[in-house]
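Letters A, B, ... mirror the listed sequences (proteins, then strands); counts begin at 1.
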Amino acid sequence: MPELPDVEGFRKVLESCAKGRVIQRVEVRDAGVLHGVSVRRLRDALEGRRFTEPKRHGKWLLAPTGDGPTLMLHFGMTGRLVCGRPGDAADAHDRVLFTVGGGRQLRYRDQRKLQGLWLAGDDRDVARMLDRQGPDALAVDRAEFEDALSSRRGRVKTVLTDQSVVAGLGNLLADEILWRARLRPTRRAGDLTEDERRRLYTHMRRTLRSAVPTGCVPPRDSWLTGHRDDPVPTCPRCGNPLRRTRMAGRGTVWCPHCQPDGD
DNA sequence: GTTTCTGTTGTCAC
DNA sequence: CGTGACAACAGAAA
């Protein structure tokens, strides 16, 4: 589920649900989602503090607590953040519950537990955890983006989803952006022309901008994403059949007609 | 009923 | 650099 737009949505959930409120109780229902921190230390570090302004970098959500430590959340494929009340029925996949003031409860819910929660003691700690992340896809400027691409030899789809190049794009977004920019995912990133790199940047921004308010990569009819699971996937732009392939173990959908070979 | 495959994640060995 | 395996799990396909 979570790519940049989803995580940005979770950031807003955290903000409206818990920002400025005292963390009264931390209940870990499944310690399997904790990384590098014990149940006790997480509880002791957070209870009594307040969440302050949450941040996001790529697919990471950062929940600082003022002078205290920063809770770092990654959602893997199935994680989400939901806001409810302490008495709400527990979902089978609610892994950690944060009861905060105002009668609210923030829940880290995740079916598959591919990622989870970390605790960073200070800003240097946060920076260390993010040191392999490239610039955020929504914050990177054009020059930096085009620079990062041209120095890469790999295929453009793989490069786009590499978090150390640009942080925040996942499988769906990469396919969507390449389709809009009319670039075949198998093209070598370093072989793109100046014009093609520029197109890629423009469409990355446009795609992110329209996806963020919806909190997901919307499966709209006019988007490629709206058709990737069709029984007979058809390009919403030209009507030709879409092709499904596999790149680096990820399902890849593209339009042979709209996304020409380009050598 | 049971086995196999797929998937919005990241990491690691080859 | 690229691919495949893996991690954990549910739901669909075979």
Side-chain angles (χ1 to χ4, degrees), chain A residues 1-11 13 29-36 56-61 72-82 91-96 108-118 128-134 136-138 148-179 184-192 204 207-208 210-212 214-220 223-233 244-254:
Chain A
M1 180 187 202
E3 301 181 52
L4 188 152
D6 309 81
V7 180
E8 184 58 22
F10 302 149
R11 193 188 65 75
V13 167
R29 311 193 68 198
D30 185 340
V33 299
L34 301 188
H35 298 270
R56 182 191 56 73
H57 185 95
K59 300 173 189 173
W60 281 96
L61 179 60
M72 298 183 63
L73 307 91
H74 197 295
F75 300 92
M77 283 179 73
T78 51
R80 6 177 349 200
L81 205 54
V82 300
D91 182 280
H93 303 113
D94 282 342
R95 310 295 184 184
V96 184
Y108 179 80
R109 183 175 294 174
D110 185 23
Q111 174 195 114
R112 288 173 60 176
K113 302 191 283 184
L114 290 175
Q115 300 294 325
L117 273 45
W118 284 254
R128 257 193 19 239
M129 305 239 0
L130 298 179
D131 70 351
R132 298 181 67 176
Q133 297 279 302
D136 184 79
L138 210 46
L149 279 184
S150 48
S151 64
R152 289 301 179 128
R153 294 278 158 247
R155 296 171 164 178
V156 64
K157 153 127 190 199
T158 312
V159 170
L160 281 182
T161 53
D162 183 339
Q163 303 301 293
S164 70
V165 177
V166 189
L169 307 182
N171 199 40
L172 296 187
L173 275 172
D175 282 358
E176 186 71 40
I177 293 164
L178 288 167
W179 175 73
R184 193 164 290 203
T186 47
R187 294 281 303 280
R188 302 271 151 188
D191 290 349
L192 298 183
M204 176 179 76
T207 307
L208 286 172
S210 49
V212 161
T214 73
C216 64
V217 187
R220 286 185 199 135
W223 289 43
L224 178 71
T225 307
H227 299 273
R228 56 186 303 137
D229 297 326
D230 290 356
V232 183
R244 301 195 53 97
T245 56
R246 226 168 167 77
M247 287 185 62
R250 305 307 195 237
T252 300
V253 178
W254 46 283

Length of the line joining [X]:[atom1] and [N]:[atom2], which is rounded to integer Å:
{"X": "A/Asn171", "N": "B/dG7", "atom1": "CG", "atom2": "C1'", "result": "9 Å"}
{"X": "A/Met77", "N": "C/dG11", "atom1": "CE", "atom2": "C1'", "result": "13 Å"}
{"X": "A/Phe75", "N": "B/dT8", "atom1": "CZ", "atom2": "C1'", "result": "13 Å"}
{"X": "A/His57", "N": "B/dG10", "atom1": "NE2", "atom2": "P", "result": "12 Å"}
{"X": "A/Met247", "N": "C/dG4", "atom1": "CE", "atom2": "C1'", "result": "15 Å"}
{"X": "A/Arg244", "N": "B/dT6", "atom1": "CZ", "atom2": "P", "result": "10 Å"}
{"X": "A/Ile177", "N": "B/dT8", "atom1": "CD1", "atom2": "P", "result": "15 Å"}
{"X": "A/Arg155", "N": "C/dG2", "atom1": "CZ", "atom2": "P", "result": "7 Å"}

Taking [Y]'s backbone N and O only, do any of them form a donor-acceptor pair with [X]'s side chain (distance below 3.5 Å, no angle check)?
{"X": "A/Asp175", "Y": "A/Val253", "value": "yes"}
{"X": "A/Gln115", "Y": "A/Lys113", "value": "no"}
{"X": "A/Asn171", "Y": "A/Gly251", "value": "yes"}
{"X": "A/Arg95", "Y": "A/Gln111", "value": "yes"}

Short side-chain N/O contact to [N] OP1/OP2 from [X], under 4.0 Å:
{"X": "A/Arg153", "N": "C/dG2", "value": "no"}
{"X": "A/Lys113", "N": "C/dC9", "value": "yes"}
{"X": "A/Arg228", "N": "B/dT6", "value": "no"}

Select base, sugar-phosphate, or nothing to describe what [X] touches, counting heavy atoms under 4.0 Å on all strands.
{"X": "A/Arg250", "value": "base"}
{"X": "A/Arg188", "value": "sugar-phosphate"}
{"X": "A/Arg246", "value": "sugar-phosphate"}
{"X": "A/Gly170", "value": "sugar-phosphate"}

Taking all non-hydrogen atoms of both residues, which atom of A/Arg80 and which atom of A/Phe10 are closest, and how far apart?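 Nearest pair, atom of A/Arg80 first, then A/Phe10: CA-CZ, 3.6 Å.
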How far apart are the closest heavy atoms of A/Leu173 and A/Leu4, and which atoms are they?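 The answer is CD1-N, 4.4 Å.
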Inter-nucleotide [atom1] distance ([N], [M]), Å rounded:
{"N": "C/dG4", "M": "B/dC5", "atom1": "C1'", "value": "15 Å"}
{"N": "C/dA5", "M": "B/dT4", "atom1": "P", "value": "14 Å"}
{"N": "C/dG11", "M": "B/dG10", "atom1": "P", "value": "23 Å"}
{"N": "C/dA13", "M": "B/dT8", "atom1": "P", "value": "16 Å"}

Nearest of B/dT9, C/dT3, C/dC9 to any side-chain atom of A/His74?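 Of all the options, the side chain of A/His74 is nearest to B/dT9.
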Which nucleotide in the list B/dG7, B/dT8, C/dC9 gets nearest to the side chain of A/Glu3?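 My answer, after comparing the listed nucleotides, is B/dT8.
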Suppose we define a pair by two distances each less than 3.5 Å, Watson-Crick or G-U wobble; what does B/dT8 pair with here?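 Paired with no nucleotide.
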